[in-house]
There are 2 protein chains.
Amino acid sequence: MSNSSADLRAIALAEFAAAGYAGTSIHRIADIAGLSKSSVLYHYSSKETLLEAAVAPAIDRMTQILEALEVRTLSAEGRLAFLSEFVDFLLEYRREVHMFINQGPSLVDVPVIDRANDLVVRLAKFFAANTASVEEKMRFGIALGGAAYMLCTQDSLGFDNTPVDETRAALITILTGLLAPVGDSANAAPSITVNGI
Amino acid sequence: MSNSSADLRAIALAEFAAAGYAGTSIHRIADIAGLSKSSVLYHYSSKETLLEAAVAPAIDRMTQILEALEVRTLSAEGRLAFLSEFVDFLLEYRREVHMFINQGPSLVDVPVIDRANDLVVRLAKFFAANTASVEEKMRFGIALGGAAYMLCTQDSLGFDNTPVDETRAALITILTGLLAPVGDSANAAPSITVNGI
DNA sequence: ACAGGCTCTGACCGATCGGTCAGCTAATTT
DNA sequence: AAATTAGCTGACCGATCGGTCAGAGCCTGT
C-alpha cells in the first residue's frame, strides 16, 4: 500500500531542494512517483500548493521554536539547550532549511516562503541582536547557511553513512564554538591563539 | 560608452546566483541590460555559453589556487597564509562560489559546472584528507557553504554596508577557528571550554 | 560613395511549462 | 444493484522557454 499525497510531498521536497523550485517540473515529480502529471495536480491543485504542503511542517516547527524563544532572554545554559534543540530541527528539516536559505529570496511571492524568510530574520535577530558586532552576524550566517549546506551534501563530502548521533554531536560542538557570544572570554580566546601559531 | 558583453556577464552572474540558472530566463537578463533577447544571443550563442563566460574567471582562479596547493603539504604558517588567500578568492568570487555550492549538483551536465564540482571535491580532499574525522569534514562543509551563503546575504543579515577590510578580517578569524586541524591543541580547546560553561 | 562588419531587433520555431477538463476504472456507500 | 466517490489519465490550452534567421541601422575603412 502507499500514500500518494505523502509520497508526492517527499519527492517534491527532495527535488525542490536539489534542483530548485523553478528547475523542477511537475512532470518530473510525477515520473519519480510513477504517476501522470494530471494525478499530481489532482492531489495538489497547483505547483505552489505542493510546495506549501511540502514545507509546512518545517514552518510550523520553526514558528513554535521561535515563539518559545522570544518570550525570554536565554542564560548560557539555556542557550546551549536551545542549540541542541535547534540542531535536532536542522537534522530533521535539512532540506526545507536548505530551500529557505538558498531559494527564499527568489520566492518571496510565494506566501509560505515569505513566512519562512521572516522566520530566518527573527532567528538572526535573536542570535545577533541589533547591538551585535559584524563578526557575530557573520558567525550566525555561516553557522546557518553552512549547516544547511553541509547536511544536504553529506554524500559529496564523504560522510553520508555516518550515524546520526555522531553527526548530531559534532554539529552541536561546531555550532557552539561558532555561535557563543563574542564577549564570552572562553570563546574570544581561540581565534587569537590560533592566529598566533 | 559601455561594454555589452561584460555587462551581460555581470548581470547573468547576479541573476543566476540569486534566482538560479533554471529560474533565470534570457529575456529577463536582456531586460535588465536594456537589450532584446536576440541581442543577448548575439553576444553569447546560448544560455549555457553565457553561464560559462560568467563563471570562467572564478574557475581559472580556483584552478590556479588548487594547483599551487596540491604540490606540497602545508605547514601551519602556510595553512594560515593560504586561508588568507582563499578568503580573498571568496570575497571576489562570492556569487560564483555560491552558484557552484548550491547549483553544482543539479547542473552536472554543464561542462564548466562539472569542472567546478571537481574543484570543490579537490579542495575538500585537501582540507579533510581521507584520514580526517567526520567532524573535520563537517567543519569544512560548514566553512565553505556558510561563507558563500553569508557573503551573498549580507544585506538580509544586516551588515551590507560594512567595509570590505572588516569583513575580510572577521572572515579570516572565523574560518581559521573553524578549519584549524582538530588534532591541534590550540584549536581543540575552545569547543570543550565552551561546552563546559 | 560604397562596401563590410558590428550591434541590435522583431518575427518566428518547436519544446516544455503549469494548469484545465472530460472521462475512465475500481472501490465504497446506500 | 445502483449510485457515488476517489484516484488516475490523455488530450488539450495559452504562456513561456531557448534558439534561429533575415534584415535594419550605424560606424569604419577604402
Side-chain angles (χ1 to χ4, degrees), chain A residues 1-56 99 102-114, chain B residues 1-56 99 102-114:
Chain A
M1 69 146 281
S2 62
N3 184 332
S4 288
S5 288
D7 288 351
L8 287 172
R9 255 178 289 151
I11 293 171
L13 177 62
E15 292 300 306
F16 288 161
Y21 179 72
T24 303
S25 67
I26 300 178
H27 185 96
R28 173 168 172 80
I29 294 171
D31 269 3
I32 296 175
L35 294 175
S36 71
K37 188 181 63 170
S38 301
S39 287
V40 175
L41 288 163
Y42 164 76
H43 289 284
Y44 299 95
S45 58
S46 71
K47 191 183 179 183
E48 192 174 310
T49 303
L50 176 53
L51 171 64
E52 286 169 4
V55 303
M99 273 205 67
N102 292 303
Q103 306 180 50
S106 64
L107 296 177
V108 284
D109 49 324
V110 181
V112 72
I113 299 292
D114 208 37
Chain B
M1 67 147 284
S2 61
N3 185 331
S4 288
S5 289
D7 288 351
L8 287 172
R9 255 179 289 152
I11 293 171
L13 177 62
E15 290 301 305
F16 288 161
Y21 179 72
T24 304
S25 67
I26 300 179
H27 184 96
R28 174 169 171 79
I29 294 172
D31 270 3
I32 297 175
L35 294 175
S36 70
K37 187 180 65 169
S38 302
S39 288
V40 175
L41 287 163
Y42 164 75
H43 290 284
Y44 299 95
S45 58
S46 72
K47 191 184 181 184
E48 192 173 310
T49 304
L50 177 52
L51 171 65
E52 286 169 5
V55 304
M99 273 205 67
N102 292 303
Q103 306 180 49
S106 64
L107 295 177
V108 284
D109 50 325
V110 181
V112 73
I113 300 292
D114 208 37

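Letters A, B, ... are given to chains in the order of the sequence lines, protein chains preceding strands, and every chain is numbered from 1.
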Along DNA chain C (nearest heavy atom to each residue), the more 5'-positioned of S4(B) and E48(A): S4(B)

Name the pairs: protein N/O against N/O of nucleotides 3-5 of chain C, kept only if under 3.5 Å.
none

Intermediate values then yes/no, side chain to side chain contact (heavy atoms under 4.5 Å, CB included), I32(A) and R28(A): CA-CA 6 Å; I32(A) 296 175; R28(A) 173 168 172 80; 4.2 Å; yes

Side chain to side chain contact (heavy atoms under 4.5 Å, CB included) between L51(B) and I113(B), intermediate numbers included: CA-CA 9 Å; L51(B) 171 65; I113(B) 300 292; 4.0 Å; yes

Y44(B) and R9(B): CA distance, side-chain angles, deciding distance, side chain to side chain contact (heavy atoms under 4.5 Å, CB included) verdict: CA-CA 9 Å; Y44(B) 299 95; R9(B) 255 179 289 152; 3.1 Å; yes

Minimum heavy-atom distance between A19(A) and S106(B), given as atom pair plus value: CA-CB, 3.8 Å

OP1 or OP2 of dG7(D) under 4.0 Å from side-chain N/O of Y42(A): yes

Atom-pair distance (OH on Y44(A); C1' on dC8(D)), nearest Å: 15 Å

Heavy-atom pair of closest approach, residues S46(A) and T49(A): OG-OG1, 2.9 Å

Close N/O contacts between protein and nucleotides 12-18 of chain C (under 3.5 Å):
unit_1	atom_1	unit_2	atom_2	d
dC17(C)	OP1	S25(A)	OG	3.4
dG18(C)	OP1	T24(A)	O	3.4
dG18(C)	OP1	K47(A)	NZ	2.8
dG18(C)	OP2	I26(A)	N	3.0
dG18(C)	N7	K37(A)	NZ	3.2
dG18(C)	O6	K37(A)	NZ	3.4

Rounded distance in Å - CG (N3(A)) to C1' (dA6(D)): 13 Å

Steps toward side chain to side chain contact (heavy atoms under 4.5 Å, CB included) verdict (L50(B), I29(B)): CA-CA 11 Å; L50(B) 177 52; I29(B) 294 172; 3.9 Å; yes

Side-chain N or O of H43(A) closer than 4.0 Å to phosphate OP1/OP2 of dC8(D): yes

dT9(C) phosphate, OP1 or OP2, under 4.0 Å from S38(B) side-chain N/O: no

Minimal non-hydrogen separation, E52(A) against P111(A), with atom names: OE2-CD, 4.3 Å

Under 4.0 angstrom between S39(A) side-chain N/O and dT9(D) OP1 or OP2: yes

Expected output: side-chain K47(B) to main-chain T24(B) donor-acceptor under 3.5 Å: yes

